Number of protein chains: 2
Amino acid sequence: MYFCFMYSFTEENYLKAIYKLQEQSNLAINTNAIASVIQTKAASVTDMVKKLSEKKLLKYEKYKGVELTQLGKKIAIDTVRKHRLWETFLHKKLNFAWDEVHDIAEQLEHIHSHELIDKLDEFLGFPSHDPHGDPIPGRNGVIQQNNFILLSELMIGEAGIISGVVNHSAIFLKHLEKNDLVLGKKLLVQEISAFDQLVKVLIDDKLQQQLSSEVVRNILVKKLTE
Amino acid sequence: MYFCFMYSFTEENYLKAIYKLQEQSNLAINTNAIASVIQTKAASVTDMVKKLSEKKLLKYEKYKGVELTQLGKKIAIDTVRKHRLWETFLHKKLNFAWDEVHDIAEQLEHIHSHELIDKLDEFLGFPSHDPHGDPIPGRNGVIQQNNFILLSELMIGEAGIISGVVNHSAIFLKHLEKNDLVLGKKLLVQEISAFDQLVKVLIDDKLQQQLSSEVVRNILVKKLTE
DNA sequence: ACATATTTTTAGACAAGTCTAAAAATATTT
DNA sequence: AAATATTTTTAGACTTGTCTAAAAATATGT
């Protein structure tokens, strides 16, 4: 069992941001990248990173970038778990739209109580994914990896179930919702225009629709194999 | 509609504390009283009270004490509303015991989202009271006053329904729960010892029990009139 | 390899909120 | 009404987290 200190709102946000960057690529994580995720300045990141390093939450070498320690990663994943469970609560129980849950969950994820989050998990029926299709880490910190692929990777004649999104912005999510492109829908790729790359899909074997390449590059599907 | 600034965690706590003191008595609210509720020092209270005064949340005259403005009172009541709704959620939906909900609700009450709190209210079925029997302010800020009386005020032969508590400490609440003295139970006063003031009550027409004067002075009941 | 551009860090300042210790005001006692 | 006790405020310092502007280090172009 790791020592259960209490980390601040800000510390948790830095750890979450660094974790996110670490998952996204194997490149060294530099100050500017963190600053852009956190919406702050590089100088502030340097200060904070030094403090986190002293607390053994990450390894930091001047001018070389940072890397989370086991402990830092555990806190980050814990915060992601809380975020995604709260998002699920807001969507499933309080009927918030999937584009409205993120900002409120950003606040809720910093409530400190292991018991609370475990009881919330149970109340929600131990959900495996949040409203955007992202996997919810277990209380042991294990994240079940998705094997979703981009809708843009499907060939003509192939089908998939909408299972997640790459772009999480409210404007994109609202756009999908308006076009009936929500989690669980079945999509069959019928045609890809050689001229403008528009993709003609059949939604749930009923409705035909044209999707822009911007859209198909941001939808994740579980490929159906007949 | 009042101007919807964002108040800090700390500001909300000060306003809540002052509101609580204002409800408890009509005496001027002095720095030390606030310090003791907030668990801080009088000097810190002076500093904060000046800032709140500049923000028009309260009226402050040096050495004379403070008084909430309309706006300050509105924020305070709003915070109480959030606190009690979250307590209700934790108890009713997540099955926390009534002595466990306070500390978590102290954190949750500072989440900023009117939409969240209104949807939570709806999800809970617009509850009128929290798990300790305290009334939940409406979204308009109106608090329905209870007409509960102390169990110690009942005469021999009179009966009441347990409807609230005066002492909110976890140790007292745990004690009540262990003795089956929870909200909704019917109590009939059968005997009051002239010697040691122990009160013999009949719980739900079944179980007889002796209650200390410390206990009967901290239970609120709705008097039953036959 | 040298000059230039970019990134990162340092230095010093600021805001919120807290503290201790001392000074000022108020309250109480005689 | 003077002396004492209590309460409240001020002054200056500290912490967390942020910022700007300048300095130092690293990366890039030719």
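Note: hydrogens, waters and symmetry copies are ignored here, and every other heavy atom, side chains too, is used. Convention: sequence-line order gives letters A, B, ...; per-chain numbering from 1. Just so you know, these numbers come straight off a predicted model, no measurement behind them.
Between A:His102 and A:His132, the distance separating the two ring centers is not shorter than 6.0 angstrom. Aromatic ring centres of B:Phe96 and B:His91: separated by at least 6.0 Å.
B:Asn30 comes within contact range of the sugar-phosphate backbone alone, with a heavy-atom separation under 4.0 Å but no base atom that close.
Considering only side-chain N and O atoms, A:Lys51 lies nowhere under 4.0 angstrom from the phosphate OP1 or OP2 of D:dT15. Checking the phosphate oxygens (OP1, OP2) of D:dT8, no side-chain nitrogen or oxygen of B:Lys64 falls inside 4.0 Å. Phosphate proximity of D:dT7 to B:Thr31: absent, as no side-chain N or O sits under 4.0 Å from OP1 or OP2. The shortest distance between the side-chain N/O atoms of B:Thr40 and the OP1/OP2 oxygens of C:dC19 is below 4.0 Å. In this structure, A:Ser8 reaches the D:dG17 phosphate: one of its side-chain N or O atoms is under 4.0 Å from OP1 or OP2. Between B:Lys50 and D:dT9, a side-chain N or O to OP1/OP2 separation shorter than 4.0 Å is absent. For the OP1/OP2 pair of D:dT10 and a distance below 4.0 Å, the side-chain nitrogens and oxygens of B:Thr46 include no atom meeting the criterion.
Atom pair B:Tyr14:OH and C:dA16:P shows a separation of 14 Å (rounding to whole Å applied). Taking atom CD1 of A:Ile34 as the reference point, atom P of D:dT18 lies 12 Å away to the nearest angstrom. Going from atom CD of A:Glu54 over to atom C1' of D:dT15 covers 14 Å, rounded to whole Å. As rounded to whole Å, 15 Å separates atom P of C:dT8 from atom CD of A:Glu61. Protein atom CD of B:Glu11 is 15 Å distant from nucleotide atom C1' of C:dT18, rounded to whole Å. As rounded to whole Å, 14 Å separates atom P of D:dG17 from atom CZ of B:Phe9. We find that CG of B:Leu27 is positioned 13 Å from P of C:dA27, with the value rounded to whole Å. Rounded to an integer number of Å, the gap from CE of A:Met48 to C1' of C:dT8 is 18 Å.
Summary of the strand contacts: A:Asp47 and A:Lys62 both lie near DNA chain D, and taking for each the nucleotide with the nearest heavy atom, the more 5' one is attributed to A:Asp47.
Put simply, the residue from A:Lys51, A:Lys55, A:Lys16 that forms a salt bridge (Lys or Arg N to Asp or Glu O under 4.0 Å) with A:Glu11 is A:Lys55.
Every residue was checked against the side-chain hydrogen bond (donor to acceptor under 3.5 Å, both in side chains) condition with B:Lys59, not counting sequence neighbours, and none meets it.
Using cut-offs of 30° and 60° on the angle between ring planes, the pair A:Phe89 and B:Trp86 is tilted.
Using a distance-only test at 3.5 Å, with no hydrogens or angles considered, a donor-acceptor pair links the side chain of B:Arg81 to the main chain of B:Pro137.
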Next on the checklist: Between A:Asn179 and A:Leu181, does the side chain to side chain contact (heavy atoms under 4.5 Å, CB included) criterion hold? Intermediate values first, please.
Outcome noted: CA-CA 5 Å; A:Asn179 290 279; A:Leu181 296 162; 4.0 Å; yes
Give each protein N/O atom lying under 3.5 Å from an N/O atom of nucleotides 20-24 of chain D, with the pair distance.
from   : atom 1 : to      : atom 2 : distance (Å)
D:dT20 : OP2    : A:Lys41 : NZ     : 3.4

